[in-house]
Amino acid sequence: MCEKTLNIEEIFGENVFTLGKMKERLPKKVYAEVKNIIDHGGEMSLATADVVAKAMKDWAVEHGATHYTHWFQPLTGITAEKHDSFVTNPDEEGHMLMEFSGKELIKGEPDASSFPSGGLRATFEARGYTAWDITSPAFLKEDATGVILCIPTAFCSYKGEALDKKTPLLRSLEALSEQALRIVRLFGNTEATKVTASVGPEQEYFLVDRDLYLQRKDLIYTGRTLFGAPAPKGQEMDDHYFGVIKERIGSFMKDLNIELWKLGISAKTQHNEVAPAQHELAPIFNNANIAVDHNQVVMETMKKVAQRHGLACLLHEKPFAGVNGSGKHDNWSICTDNGVNLLDPGDTPNQNIQFLLVLACIIKAVDIHADLLRQSAANVGNDHRLGANEAPPAIISIFLGEQLEDVVKQLIEKGEAASCKEGERLYTGVSTLPDLMKDATDRNRTSPFAFTGNKFEFRMVGSSDSIASPNTTLNAMVAEAFCEAADILEKADNFDMAVHDLIKEYLTEHQRIIFNGNGYSEEWVAEAERRGLPNIKSMVDSVSSLTTEKAVKLFEKFHIFTRAELESRAEVLYETYAKAINIEALTMIDMAGKQLIPAVINYTTDLAASISAVSEACPEADTSAQKDLLIETSALLSESQKALKTLKKVTAAAAAAEEGEVQARAYHDTVMPVMTDLRTPLDKLEMIVDKDLWPIPSYGDLTFEV
């Protein structure tokens, strides 16, 4: 029996309350009001909200929904939801009534004291509000709890402080649009009414067998392997990257695509990544706010679909030592609502003055706020990945490519760019193959912030992280650069001369951030230091950039964060780091003390008994090999036991340290090194002890048994 052909056009967006569905279900006047608010902002009347809420509820109920939730993104890094049913009190005849009011649509009230706030909320101050984000469509989530209507919302405190990732993102998008419009107006574009940041996040992930996953406490509690010797084969042969997708993985990808398409997420590309058991999914670009929401749904859906297939999805940045970790390339561009991509250089970028001004502003912004951009991609897992010859270094730089680098060089040295390099024809040498036009420049996988044709690719973001913070920071710092440029150019008597001079000034003053070479080389580290570029190697070191006077001035100027909100986020990040490393350390202590060291003791006991038995049965027998093995194993066992004892001591001391930066640094500076001291001998012992005695699945089991 043939399987029914999947019709993507029929299922795409079927679980989303799209504008199209609104148009069908709402009165024309109400729909027009909703559309105008989405496009231009404004406050919706309660009467209109009641009409929208009823239409949304009716649509959801028709699809089997029984509950709704205000779906939001607190500072935990994941999403949150509280389900309320549509059920109200039955009527006098006992008939169940299902209602959903405009007030319930617009506002919710979760407990604000139970989410990270960095001191903005005291424990006894519980009130917080969720507010409907009309710009991101509601959607239906289908799982074991039934069908839930999810309403994307912002989350703020009783006093109005942002307690989530969406609120500052939306603020930054408005700031970017306002300042970018000033730039396009200078070049005669009077039709555009807003400028939108568009984002396409590439999501990398690992898939392992769920039964094996459940045998490893480190994967369950921390998302990464805290112990593990390398498998005989890793990624050395490059045979996994873009290789044939295994049947089991293909089945997962097929179901994942269907789930995402139903949710209106344009999953486009899927392939095997470099490391064994590693894969990637990439969507088509979308409005930055929607892209952030979609990426959270993608990560959640990956985990859900993986479980159906007997798999576990690992989103940690470095689940396995010794092979590539996972990132999330944040492709960022800015476009007007009348179809102009401000990062499109055109065929002759040297003559595209608007593009060159935009480029110069972005170069300036990245140079001035390199520390903030680095911080926006900082999380606990990303510390294990950045700069490890699999991800960009921790030093922020911009890759422009040969064509734009040449244009910039001409502008700096000569004051004008008379020419630009063009793409050449690539001759294949085969008569039946077409000759191809090459791009004017190659790509650079070592660059953290690379220009890739008509967008910038921020390659530093970690795979498990929300892309809200990187895009909030990008929007804010570029808005500042646009604002400063517009302030100058709007007052200029001779615009053409003023814009020419400003482009040259920005490029000259901030050229140090441009680097087209190998970001993995030691020479670049030294060169970056000579240039005065920051090299922020850890999450803990990055946090302070949030509360510098420079950062406060930037974010307060555009009403994205207040000083208090920035300080609270810094506290949340320190707390998050301390908690994460504490969990990892306690997990290592548990695994080493209860599983691994006892297994080694059993092995050495059996080995010693066998030596004794052989010597007793045959005194002339040569047992030197067994004795050498026993000596080596016992030495590593002693080293492990000593490190375990030290780890217990330093973890307890860190847990007792003053909360905040002091505690985070205690975990980073004292606990993390001892964790390595404990792992090193036990990983060596894994290569010695009989596999039947080793209590946890190996790297080979996890990465090749899928």
Side-chain angles (χ1 to χ4, degrees), residues 1-18 20-21 63-64 71 78-79 136-145 147-148 150 152 198-210 213 240-288 290-315 326-331 461 463-464 466-467 706:
M1 182 176 179
C2 294
E3 185 178 350
K4 183 180 177 182
T5 303
L6 177 68
N7 189 323
I8 300 176
E9 291 181 355
E10 286 185 1
I11 68 168
F12 189 83
E14 70 176 30
N15 284 349
V16 186
F17 195 57
T18 60
K21 293 184 177 72
H63 285 74
W71 183 83
I78 56 177
T79 60
S136 185
F139 60 94
L140 299 176
K141 181 189 291 188
E142 299 175 299
D143 55 28
T145 59
V147 181
I148 310 297
C150 296
S198 299
V199 172
E202 305 168 33
Q203 179 69 56
E204 295 177 344
Y205 60 99
F206 282 81
L207 290 174
V208 299
D209 185 272
R210 183 166 179 79
Y213 165 88
H240 192 258
Y241 188 59
F242 277 29
V244 176
I245 297 170
K246 295 179 181 179
E247 287 282 310
R248 189 177 182 187
I249 303 304
S251 179
F252 158 83
M253 288 180 171
K254 177 184 176 182
D255 285 355
L256 175 64
N257 284 332
I258 291 172
E259 291 290 333
L260 296 180
W261 290 333
K262 287 161 65 177
L263 289 166
I265 299 172
S266 52
K268 175 73 173 177
T269 303
Q270 60 190 30
H271 61 83
N272 291 342
E273 254 298 334
V274 172
Q278 187 185 32
H279 315 279
E280 181 179 296
L281 177 145
I284 297 173
F285 276 64
N286 212 326
N287 171 286
I290 295 176
V292 168
D293 287 356
H294 279 182
N295 187 245
Q296 293 294 140
V297 174
V298 165
M299 291 190 287
E300 181 182 322
T301 307
M302 281 178 168
K303 292 181 178 181
K304 182 173 66 175
V305 174
Q307 190 166 344
R308 292 181 197 160
H309 288 261
L311 299 166
C313 177
L314 308 180
L315 292 172
S326 295
K328 180 151 46 192
H329 301 165
D330 188 85
N331 295 282
V461 185
S463 52
S464 69
S466 165
I467 58 171
V706 181

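Given the structure is predicted, the values throughout are model-derived calculations rather than measurements. Positions are given from 1 along the sequence.
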Could you check whether atom NZ of Lys303 has more than 12 heavy atoms from other residues, nucleotides or ligands sitting under 6.0 Å from it? no
How about Gln307: does its CD atom have over 12 heavy atoms from other parts shown lying under 6.0 Å from it? no
Which heavy atom of [X] sits nearest to which heavy atom of [Y], and what is that distance?
X	Y	answer
Phe252	Leu311	CB-CD1, 4.2 Å
Gly250	Ile245	N-CG2, 3.6 Å
Pro152	Ala138	CD-CA, 3.8 Å
Pro283	Pro201	CD-O, 2.9 Å
Ser326	Glu204	CA-OE1, 3.3 Å
Leu315	Ser463	O-OG, 2.6 Å

Applying ring-ring contact (aromatic ring centres under 6.0 Å, His included), can you list everything that pairs with His279, at least two apart in sequence or on another chain?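 With sequence neighbours excluded, His279 shows a ring-ring contact (aromatic ring centres under 6.0 Å, His included) to Tyr205, His240, given in chain and number order.
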All ring-ring contact (aromatic ring centres under 6.0 Å, His included) counterparts of His309, not counting sequence neighbours: none
Among Asn15, Ile265, Ile11, Val305, find the residue that satisfies the side-chain contact (heavy atoms from CB on, under 4.5 Å) test when tested with Glu259.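 By the side-chain contact (heavy atoms from CB on, under 4.5 Å) criterion, Glu259 pairs with just one of Asn15, Ile265, Ile11, Val305: Val305.
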[X] vs [Y] side-chain heavy atoms within contact, under 4.5 Å:
X	Y	value
Thr269	Glu280	no
Phe139	Val297	yes
Val292	Val199	no
Leu260	Leu281	yes

Rounded at 0.5 Å granularity, tell me how far [atom1] in [X] sits from [atom2] in [Y].
X	Y	atom1	atom2	value
Phe12	Ile258	CZ	CD1	13.5 Å
Leu207	Tyr213	CG	OH	12.5 Å
Cys150	Lys141	SG	NZ	4.5 Å
Thr301	Glu142	OG1	CD	11.0 Å
Asn295	Asn286	CG	CG	11.5 Å
Glu202	Ile467	CD	CD1	11.0 Å

Taking Gly310's backbone N and O only, do any of them form a donor-acceptor pair with Arg248's side chain (distance below 3.5 Å, no angle check)? yes
Return yes if some donor-acceptor pair links the side-chain N/O of Asn272 with the main-chain N/O of Gly243 below 3.5 Å, else return no.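 Present.
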Pair Leu6, Trp261 - check side-chain contact (heavy atoms from CB on, under 4.5 Å), show working. CA-CA 11 Å; Leu6 177 68; Trp261 290 333; 3.9 Å; yes
Who pairs with [X] by side-chain contact (heavy atoms from CB on, under 4.5 Å), at least two apart in sequence or on another chain?
X	answer
Ile284	Ser266, Lys268
Phe242	His271
Gln296	Trp71, Gln73, Thr79, Met299, Ser466

If the condition is salt bridge (Lys or Arg N to Asp or Glu O under 4.0 Å), which residues does Glu273 pass it with, not counting sequence neighbours?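 Glu273 satisfies salt bridge (Lys or Arg N to Asp or Glu O under 4.0 Å) with no residue once adjacent residues are dropped.
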